[in-house]
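Some notes on the structure that comes next.
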Amino acid sequence: MKQNTPVVVAHSAETWDQIEPAWAQLAATALDPNPFFTPTFLRAYQTHLARGRIQLLAVAHPAEQRLVAALPLHLTRSTGLWHTASTVVGDYGTLGTLLCSPEATCEEIAALIKAAVQRSPGRTLALPYHAVQGATFERLQHALEASSLQWHIADQSDRAYQAGGPDAEATLSQALNSKSGKRVQRYGRQLARKGELTQVSFTTPEDINKALADFIALEAAGWKGRQGTALANQTSAQNFTQQMFRDFANTGNARIDALCLDGAPIAIKLWLRQVNRFFGWKTTFDETHAKVSPGPQLLFYSSHVNLDTEGFEGADSLTTPDNRMANTVWHSRFAYGTIMIGSGSRFAVSTTLIKAKTQAQAYAKTKLKALLGRR
């Protein structure tokens, strides 16, 4: 083996303690921050939801014994014929951009991706919700083009994003003064006539713990509670959320914003932070006030809090592309897609089967939303 040949290692949960400092350092310095691929998030997810099925596949720089790229991996039966490899994304983390150090070479990234493909009997790797813009995607694209792997982007879309930079204040002001923004302000005045309307941010571990309990209760009182999909209805999901948010709060990387009427929360938003970006993880609101849009009112406030944060670079809504609340407030977009990578004849078969399955699931989800009267 050449001295500088990339070394790719699959780390099961039993060995995470050994690599956690290097893993955390990679997450903190990655080209594009991703809180869902950090040790903090994945330890809680592994404990309560994954049941030991996740491995961290990482490439280490042999000379310095540091990680330069990594992705959490599990095998899924997405084709019905054989298992394919996929990064760990889903309802609790809709961002799948791999962790990539600024120093990572195309050779090192290619070695990581090839190792992931080889772990799949179907010789197929799916990277759902991966950014298709920005520094990490450009580095990945160059690595794939220089390799012998086949790849394409499926299910490309975009969602609301709050951009940072010198024009961020003016952009938010334009949204607030748009037709939709003025309607949200009018709703705020209507609410203020019913009682004292306040907006507050919680950042200390103690305050976040209490605000999270309020969130769980408010969510359970709404349609998710009636449908059985609220955190309060799912013990594992609730335990995961409590541990994950507690651990993020202990490092100063969690925030909860609330819109309150006479001291009672009528809308609550949970935020995660990774380096200088924020991620809008979950939102809930009191449905008795649904006609006056408490969610967008709170998001306008949260957006100002984001902008007031030193070093703020941007905020990802993590919503669906057609989310009305996020689209009312934020007019920038974050582009993402499922990057399919593989080799051989099985890759062609896998991508065809996965595409058909994804289309069927999307159709079923649309029909279910229509039946429930939700968007």
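For clarity, every value in this text was computed on a predicted model and none was experimentally measured.
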Requested in this report: Just grab all the side chain to side chain donor-acceptor pair (under 3.5 Å) pairs involving residues 114-123, residues at least two apart or on different chains.
Outcome: Q55-R119
**Report entry** All side chain to side chain contact (heavy atoms under 4.5 Å, CB included) counterparts of S178, not counting sequence neighbours
**Finding:** S180
Query - Note, T15 side chain near I19 side chain (heavy atom, < 4.5 Å) - result: no
**Report entry** Check: S173 main-chain N/O paired with N177 side-chain donor or acceptor under 3.5 Å
**Finding:** yes
Report summary line: Taken to the nearest 0.5 Å, the spacing of M244 CE from L49 CG works out to 9.5 Å
Query raised in the report: Do the side chains of H130 and T136 get nearer than 4.5 Å, heavy atoms only?
Result: yes
Requested in this report: Flag the pair R159 and D316 as a salt bridge only when some basic side-chain nitrogen lies within less than 4.0 angstrom of an acidic carboxylate oxygen.
Outcome: yes
Requested in this report: Find out whether P128 and T87 are in side-chain contact, i.e. whether some heavy atom of one side chain is under 4.5 Å from a heavy atom of the other.
Outcome: yes
Query raised in the report: Would L144 and L73 show up in the same hydrophobic cluster when neighbours are defined by side-chain heavy atoms closer than 4.5 Å?
Result: yes
Query raised in the report: Pairs in or reaching into residues 148-182: which pass ring-ring contact (aromatic ring centres under 6.0 Å, His included), with residues at least two apart or in two chains?
Result: none
**Report entry** Passing option when E108 is tested against V8, I113, V68, V7 for side chain to side chain contact (heavy atoms under 4.5 Å, CB included)
**Finding:** V68
Query raised in the report: Can you check whether S86 reaches H74 side chain to side chain, under 4.5 Å on heavy atoms?
Result: yes
Requested in this report: Using atom types as modelled and distance alone, determine if a side-chain donor or acceptor of N323 lies under 3.5 Å from a backbone N or O of T320.
Outcome: no
Report summary line: In this structure, NZ of K194 is separated from CG of L261 (nearest 0.5 Å) by 8.0 Å
Query raised in the report: Taking atom types as modelled, is there a side-chain donor on T105 or E107 under 3.5 Å from an acceptor on the other?
Result: no
**Report entry** Any side-chain heavy-atom pair of Q150 and I341 under 4.5 Å
**Finding:** no
Query raised in the report: Mind checking who shares a hydrophobic cluster with L75, ILVMFWY linked at side-chain heavy-atom distances under 4.5 Å?
Result: none
**Report entry** Contact list for residues 167-180, test salt bridge (Lys or Arg N to Asp or Glu O under 4.0 Å), sequence neighbours left out
**Finding:** none
Requested in this report: Mind checking salt bridge (Lys or Arg N to Asp or Glu O under 4.0 Å) for E20 and listing every partner two or more places apart, or none if nothing turns up?
Outcome: R43
Query raised in the report: Is a side-chain donor or acceptor of R273 paired with a backbone partner of V275 at a separation under 3.5 angstrom?
Result: yes
Requested in this report: May I ask you to test the M340-F347 pair for a side-chain heavy-atom distance under 4.5 Å?
Outcome: yes
Query raised in the report: Got a sec, which residues hit side chain to side chain contact (heavy atoms under 4.5 Å, CB included) with P21, two or more places apart in sequence or on another chain?
Result: none
Requested in this report: For the pair L298 and F285, evaluate side chain to side chain contact (heavy atoms under 4.5 Å, CB included) and give the outcome as yes or no after the intermediate values.
Outcome: CA-CA 10 Å; L298 178 59; F285 62 91; over 6 Å; no
Query raised in the report: With sequence neighbours left out, what residues match Q199 under side chain to side chain contact (heavy atoms under 4.5 Å, CB included)?
Result: L259, Y301
Query - Cluster overlap L98 with L26, hydrophobic side-chain contacts below 4.5 Å - result: no
Query - Shortest non-hydrogen separation from A163 to A168 and the atoms involved - result: O-CB, 3.4 Å
**Report entry** Contact check, side chains of F245 and L272, non-hydrogen atoms, under 4.5 Å
**Finding:** yes
Query raised in the report: About how many Å separate CD of Q190 and CD of Q297, when rounded to the nearest 0.5 Å?
Result: 9.0 Å
Query raised in the report: Given R333 and N327, is the side chain to side chain donor-acceptor pair (under 3.5 Å) satisfied, shown in steps?
Result: CA-CA 9 Å; R333 308 297 289 180; N327 292 342; 2.7 Å; yes
Report task. Keeping the roles fixed (side chain from T97, backbone from A131), state whether a donor-acceptor pair exists under 3.5 Å. Result -> yes
**Report entry** By salt bridge (Lys or Arg N to Asp or Glu O under 4.0 Å) - contacts of D286 (at least two apart)
**Finding:** none
Report summary line: Only one of D158, T338, I153 passes side chain to side chain contact (heavy atoms under 4.5 Å, CB included) with V132, and that residue is I153
Requested in this report: Indicate, with yes or no, if I339 and L57 share a hydrophobic cluster defined by side-chain heavy-atom contacts under 4.5 Å among Ile, Leu, Val, Met, Phe, Trp and Tyr.
Outcome: yes
Query raised in the report: Would you say the side-chain atoms of R183 pair up with the backbone N or O of V292, donor to acceptor, closer than 3.5 Å?
Result: no
Query raised in the report: Strictly by modelled atom types, are S303 and W330 linked by a side-chain donor-acceptor pair under 3.5 Å?
Result: yes
**Report entry** Minimum side-chain heavy-atom gap N34-L99 below 4.5 Å
**Finding:** yes
Report task. Go through the steps to decide whether F312 and N276 satisfy the test side chain to side chain contact (heavy atoms under 4.5 Å, CB included), and finish with yes or no. Result -> CA-CA 5 Å; F312 172 72; N276 290 323; 6.0 Å; no
Requested in this report: Nearest 0.5 Å please: distance from the CG atom of L212 over to the CD1 atom of I268.
Outcome: 9.0 Å
Requested in this report: Could you grab the distance from atom CD1 of I256 to atom CH2 of W281, nearest 0.5 Å is fine?
Outcome: 10.0 Å
Requested in this report: May I have the step-by-step check of side chain to side chain contact (heavy atoms under 4.5 Å, CB included) for L95 and F334, ending in yes or no?
Outcome: CA-CA 11 Å; L95 180 65; F334 171 77; 3.7 Å; yes
**Report entry** Residue pair L140, H142: steps toward the side chain to side chain contact (heavy atoms under 4.5 Å, CB included) verdict
**Finding:** CA-CA 5 Å; L140 174 63; H142 290 156; over 6 Å; no
Report task. Look only at the side chain of D207 and the backbone of F202, and say whether a donor-acceptor pair between them is shorter than 3.5 Å. Result -> no
**Report entry** Single-linkage hydrophobic cluster, 4.5 Å side-chain cutoff, V200 and L218 together
**Finding:** yes
**Report entry** Pairs where residues 244-264 contributes a residue and the test side chain to side chain donor-acceptor pair (under 3.5 Å) is met, not counting sequence neighbours
**Finding:** S201-D257, T251-N253, R255-D257, R255-N306, D257-W271, D257-S302
Requested in this report: Flag the pair F41 / F240 as yes when their ring centroid distance falls below 6.0 Å, and as no otherwise.
Outcome: yes
Query - With H331 via side chain to side chain contact (heavy atoms under 4.5 Å, CB included) - residues at least two apart - result: A175
Query raised in the report: Checking side chain to side chain donor-acceptor pair (under 3.5 Å) for the pair T283/K269: CA distance, chi angles, key distance, verdict?
Result: CA-CA 4 Å; T283 303; K269 190 164 187 67; 2.7 Å; yes
Query raised in the report: Taking a hydrophobic cluster as the set of Ile, Leu, Val, Met, Phe, Trp and Tyr residues connected by side-chain heavy atoms closer than 4.5 Å, whether directly or through intermediates, do L125 and I54 fall within one such cluster?
Result: no
Query raised in the report: Say you draw a straight line from CD of Q274 to CZ of F36; how long is it, rounded to the nearest 0.5 Å?
Result: 10.0 Å
**Report entry** Any residue meeting salt bridge (Lys or Arg N to Asp or Glu O under 4.0 Å) with E103, in chain and number order, not counting sequence neighbours
**Finding:** none
